[in-house]
2 protein chains.
Amino acid sequence: MLTNSRLVHQPHDHSRCINAALASANNLCAEKNARLTATRESVLRLLWQSHQPLGAYQLQDRLSKLLNKPVAPATIYRAVDFLLQLGLIHRIASLNAYIGCPFPNSEHSNLFMICTDCGSTAEVAHNTINDLLQSISDKAHFTLKSQSLELFGLCPQCSADTEESSNG
Amino acid sequence: MLTNSRLVHQPHDHSRCINAALASANNLCAEKNARLTATRESVLRLLWQSHQPLGAYQLQDRLSKLLNKPVAPATIYRAVDFLLQLGLIHRIASLNAYIGCPFPNSEHSNLFMICTDCGSTAEVAHNTINDLLQSISDKAHFTLKSQSLELFGLCPQCSADTEESSNG
DNA sequence: TTTATTAATGTTATATTATAACGTATCATT
DNA sequence: AATGATACGTTATAATATAACATTAATAAA
Ligand SMILES: [Zn+2]
Ligand SMILES: [Zn+2]
Ligand SMILES: [Zn+2]
Ligand SMILES: [Zn+2]
């Protein structure tokens, strides 16, 4: 199992998350002869400002402020599509939002734990889950191509807060 | 494990699916003192016309034709919200679409196998999956409240078609 | 059976998310 | 420099979803 849940849900040196993500992105783009242009890198950086997914129009606002000029939706969607293609980010369908991938080079489960309170979202890669879904698909003669697994609930911090307020 | 995948992916007497769904709906509404009004029942029937999810505006078109009068989006979303609340239908987030639930009274995994070719969508309830997701959540101290699991691929029929055309 | 209360619907407008279309600029190759 | 491919700017619009408020219908009380 591979997850960034401890980082996501606990105080940490987030600049290391950002740096790691940008380094991965540069490597991957070099490998695949893909161009990490200024816009694309900015969008990736914006998504890595936190561990909470951002919607396209939130990205638009932020990029617009960053560049101090108007930015059109198409600009965002193009950058997002590029990053999705490369696996540098993921789309969270239930939120219509996007989030940086913490391990773009690893096997994926496309499994996310989404805090419905604070929005923080951790990714999990888990072979057992993948194997189980594959075997369920096999039994149904369903040719599995991809998956989107979204868990909703409370992150450790928000669970603790809820616990406190119900006790106090 | 509980699934309607055989029904979904094979020729069958679909009127039985419809009748079962409507009977379940009536029972559930009676139990919960909820009113299955004409609009709500029509929307449920429309969703049960096939095993493929329908979007809100597809429902709007169809209900409009059925009633031979204009229908506003709000009408559809209200009916859909009602049916979702009762668990009579599900929302497929990746498709922005809705589908009837084949076993509204059972434990759920909210797991769907979606054919990217023909759109047919089967639901699966599977304790092992649920247990595994629960244990992953526990390890991460994540308080799991709900989940949305979507598998994309080819249904048996479309798999067979693809196989044929690649052979021929 | 009137009256009050609640639940459901009608209606209009608008918010949010996403794509289409087409021209321009930039980059890589020759 | 000429060419073709890729990326971006810009405008418009499509597709999905919600807000707000008036009206009607169903239920409950008087
Ligand atoms: Zn971090
Ligand atoms: Zn990832
Ligand atoms: Zn059927
Ligand atoms: Zn169901």
Side-chain angles (χ1 to χ4, degrees), chain A residues 25-26 28-44 46-47 52-64 66-86 88-99 119 148 150, chain B residues 25-26 28-44 46-47 52-64 66-86 88-99 119 148 150:
Chain A
N26 278 299
L28 200 63
C29 287
E31 263 182 44
K32 303 215 172 172
N33 257 324
R35 289 164 53 201
L36 191 61
T37 62
T39 306
R40 291 164 176 174
E41 182 173 329
S42 294
V43 168
L44 184 60
L46 286 171
L47 284 177
Q52 301 171 353
L54 293 179
Y57 286 78
Q58 289 177 294
L59 284 168
Q60 180 189 25
D61 285 350
R62 295 181 192 201
L63 186 58
S64 176
L66 189 69
L67 303 180
N68 204 33
K69 69 171 187 183
V71 165
T75 300
I76 301 300
Y77 282 104
R78 282 169 182 154
V80 157
D81 285 345
F82 172 87
L83 297 167
L84 285 171
Q85 291 282 330
L86 283 177
L88 291 169
I89 66 173
H90 297 288
R91 181 169 193 272
I92 309 290
S94 62
L95 303 178
N96 297 321
Y98 308 88
I99 191 167
S148 164
E150 302 178 6
Chain B
N26 278 300
L28 199 63
C29 287
E31 264 181 42
K32 303 216 171 172
N33 257 327
R35 289 164 54 199
L36 190 62
T37 63
T39 305
R40 291 164 176 176
E41 181 173 328
S42 294
V43 168
L44 184 59
L46 286 171
L47 285 176
Q52 301 171 353
L54 292 179
Y57 287 77
Q58 290 178 293
L59 284 169
Q60 181 190 24
D61 284 350
R62 295 181 192 202
L63 185 59
S64 176
L66 189 69
L67 302 180
N68 204 32
K69 69 171 188 183
V71 165
T75 300
I76 300 300
Y77 282 104
R78 281 168 182 154
V80 157
D81 286 345
F82 171 87
L83 297 168
L84 284 171
Q85 291 282 330
L86 282 177
L88 291 169
I89 67 173
H90 298 289
R91 180 168 193 273
I92 309 291
S94 62
L95 302 178
N96 297 321
Y98 308 87
I99 192 167
S148 163
E150 302 179 5

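Any value given below was found using the heavy atoms of this structure, including those in side chains, with hydrogens, waters and symmetry copies removed. Residue numbers begin at 1 in each chain, while the letters A, B, ... track the order of the sequences.
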Considering all heavy atoms, the nearest A:V43-A:V80 contact: CG1-CG2, 4.3 Å

5' precedence on DNA chain D between A:T75 and B:D81 (nearest-nucleotide basis): A:T75

Minimal non-hydrogen separation, A:A25 against A:L88, with atom names: CA-CD2, 3.7 Å

A:L36 CG - C:dC27 P separation (whole Å): 14 Å

A:R91 side chain, from C-beta outward: closest of D:dT11, D:dC8, C:dA18: C:dA18

Nucleotide D:dT18, atom P - distance to CD of B:Q60 in whole Å: 15 Å

For atom CG of B:L54 and atom P of D:dA17, their distance in whole Å: 13 Å

Heavy-atom pair with the smallest gap, counting every atom of B:F82 and B:R35: CZ-O, 3.5 Å

Centroid under 5.5 Å and tilt under 30°, A:Y57 to C:dT16: no

Residue that, paired with B:R62, satisfies side-chain contact (heavy atoms from CB on, under 4.5 Å) out of B:L47, B:L54, B:L67, B:V71: B:L54

First of A:F82 and A:A72 reached from the 5' end of DNA chain D, by closest nucleotide: A:F82

Protein-nucleotide distance (B:N33, atom CG; C:dA8, atom C1'), rounded to Å: 16 Å

Residue-phosphate contact under 4.0 Å: B:N96 side-chain N/O, C:dT17 OP1/OP2: no

Phosphate contact (C:dA8 OP1 or OP2) by B:T39 side-chain N/O below 4.0 Å: no

Centroid distance under 5.5 Å and plane angle under 30°, A:Y77 vs C:dT19: no

Touch class at under 4.0 angstrom, heavy-atom based, for A:R78 against every strand present: base

Closest-nucleotide ordering on DNA chain C, the 5'-leading residue of B:A38 and B:P73: B:A38

Whole-Å gap separating P (C:dT9) and CG (B:L67): 12 Å

Gap between atoms CG and P, on A:L95 and D:dT16 respectively (whole Å): 18 Å

Given A:I92, A:L46, A:L84, the one that forms side-chain contact (heavy atoms from CB on, under 4.5 Å) with A:Y98: A:L84

Separation of atom CZ in A:R40 from atom P in C:dT26, rounded to whole Å: 15 Å

Rounded interatomic separation in angstrom, taking CD1 from B:I76 and P from C:dT11: 14 Å

